Structures are given as structure tokens and as C-alpha cells.
Amino acid sequence: MYTFVIRDDEHALVEVDLGNSMFRLTWREQASSEVVRRILIQAHMQVVQYDLRYWLSDSRTLTMLMPADEEWIKVTWTPRIFEAGLKRMAIVPSNADLYRAPLDRIVDGARSTSPFSVQFFERPEDGERWLLDRSVAVA
């Protein structure tokens, strides 16, 4: 298995697992809007560059998603990630209301047009297991 680190700083750990065609994003702390957007733009670029199929985001440390970032994710980032070729996205969300409510709105609003399945999990291991379970039919 060939895994390498793209980013490792106070904000996030970003890994690409070429063996499993997986992108992993582990948020380490609440980040500013500028940092959140930069990390998501870079994430999209990595998914496209390495033709990755699975996305695992561990967002348990995030405490809020600003309204402007929610709108940017909906209008700008989501359409781009829809075209990136993903098959499944697993998210381990924070339970902080100021993060979870915007995340739920983003995911619920995009479900009907999403080309890939998105699921929430309590633990990253559960999300990874689901992502890599080849017996689960991908809609």
C-alpha cells in the first residue's frame, strides 16, 4: 500500500492512499475561512490529480462552519467535487451545532444531484470500512 502525506500542520493532516484510491482529511482544529477553503481547494486538486475514488473526512474537531463558507461549499466547491470522479464519501462529523447544522444542509441539499454516495459515521475506522467494502453496491 502506497500512502503519502500532502499536508501535516496544526490545521489538518491530509493523506493520499494510492493503494486504496482514497483521500483522507483529518481536521486537527477549527480553522479560519481562508484555511478551510484553501484545504478544500487543495483536496479537490489531489482527488483529480491522483484519480481517487474514496474520500474520508474526520471533522470531529471542527466547531463551526461560517455561513459564507457554507455558501461557498454549496455553490463553488460541491459542483467541482461532483466532477472529480469520487464513488463514495465518508464523513465523521463534529456534533457541534454550529458545524453540524450547516453540514447537514450542504449534504441534504446535494444528495439528489450527487454522483456518489455520502454517509456519516461515528468513527473514522467505520467510514473507511464502508468506503473499501467492495460488496456494497454504489448507486
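Bear in mind that the values here come from a model prediction, so they are computed numbers and not experimental data. For the single chain, residues carry numbers from 1 onward in sequence order.
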Check: Under the side chain to side chain donor-acceptor pair (under 3.5 Å) test, which residues partner T61, sequence neighbours left out?
Finding: none
Note to self: Around atom CD of E122, are there more than 12 heavy atoms from other residues, nucleotides or ligands closer than 6.0 Å?
What the structure shows: no
Notebook entry, point to check: Is the number of heavy atoms from other residues, nucleotides or ligands under 6.0 Å of E34 CD greater than 12?
Noted result: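 Open: at most 12 neighbouring heavy atoms sit under 6.0 Å from CD of E34.
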Next item on the list: Compute the ring centroids of Y2 and Y50, then answer whether they are less than 6.0 Å apart.
Entry: no
Margin query: Suppose clustering is done on Ile, Leu, Val, Met, Phe, Trp and Tyr with side-chain heavy atoms closer than 4.5 Å. Which residues sit in the same group as M66?
Written below: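 Besides M66, the hydrophobic cluster comprises M64, L98, listed by chain and residue number.
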Note to self: I need the Y54 OH to R24 CZ distance, nearest 0.5 Å.
What the structure shows: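 CZ of R24 is found 13.0 Å from OH of Y54.
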Check: Got a second to check how far E29's CD is from D9's CG, nearest 0.5 Å?
Finding: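 So the gap between those two atoms works out to 8.0 Å.
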Under 3.5 Å, which donor-acceptor pairs link side chains of residues 39-47 to any protein atom two or more places apart or in another chain?
residue : atom : partner : partner atom : Å
Q42     : OE1  : R7      : NH1          : 3.1
H44     : NE2  : R80     : O            : 3.3

Looking only at heavy atoms, what is the nearest atom pair of [X] and [Y], with distance?
{"X": "T78", "Y": "A110", "answer": "CG2-CB, 4.2 Å"}
{"X": "R37", "Y": "D69", "answer": "NE-OD1, 2.8 Å"}
{"X": "P102", "Y": "E70", "answer": "CB-OE1, 3.5 Å"}
{"X": "S94", "Y": "S59", "answer": "CB-O, 3.3 Å"}
{"X": "A84", "Y": "R53", "answer": "O-NH1, 4.0 Å"}
{"X": "W55", "Y": "L25", "answer": "CZ2-CD2, 4.2 Å"}

Are [X] and [Y] grouped together when hydrophobic residues (ILVMFWY) are joined by side-chain heavy atoms under 4.5 angstrom apart?
{"X": "L13", "Y": "M89", "result": "no"}
{"X": "L18", "Y": "F23", "result": "yes"}
{"X": "W72", "Y": "I106", "result": "yes"}

Whether the side chain of [X] engages the backbone of [Y] through a donor-acceptor N/O pair (distance < 3.5 Å, no angle test) should be reported.
{"X": "N20", "Y": "M22", "result": "no"}
{"X": "Q30", "Y": "T63", "result": "yes"}
{"X": "S32", "Y": "V35", "result": "yes"}
{"X": "R111", "Y": "V118", "result": "yes"}

Notebook entry, point to check: For F82, what residues pass the ring-ring contact (aromatic ring centres under 6.0 Å, His included) criterion, not counting sequence neighbours?
Noted result: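 Testing F82 for ring-ring contact (aromatic ring centres under 6.0 Å, His included), a comparison that skips the adjacent residues, returns F116.
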Next item on the list: Apply ring-ring contact (aromatic ring centres under 6.0 Å, His included) to F121 and list each qualifying residue two or more places apart in sequence or on a separate chain.
Entry: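 Once residues adjacent in sequence are excluded, the partners of F121 under the ring-ring contact (aromatic ring centres under 6.0 Å, His included) criterion are W130.
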Check: Heavy atoms, side chains only, cut-off 4.5 Å: are V14 and V5 in contact?
Finding: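 The answer is no; the side chains never approach within 4.5 Å.
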Notebook entry, point to check: Do T3 and E15 meet the criterion of a side-chain donor-acceptor pair at a distance under 3.5 Å?
Noted result: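 Their side chains do not contain a donor-acceptor pair, so the 3.5 Å distance test is not met.
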Notebook entry, point to check: Looking at D58 and R28, does any basic side-chain N land under 4.0 Å from a carboxylate oxygen?
Noted result: no
Next item on the list: Sorted by first residue and then second, give each salt bridge (Lys or Arg N to Asp or Glu O under 4.0 Å) pair with at least one member in residues 91-102; sequence neighbours left out.
Entry: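 Found R100-D104.
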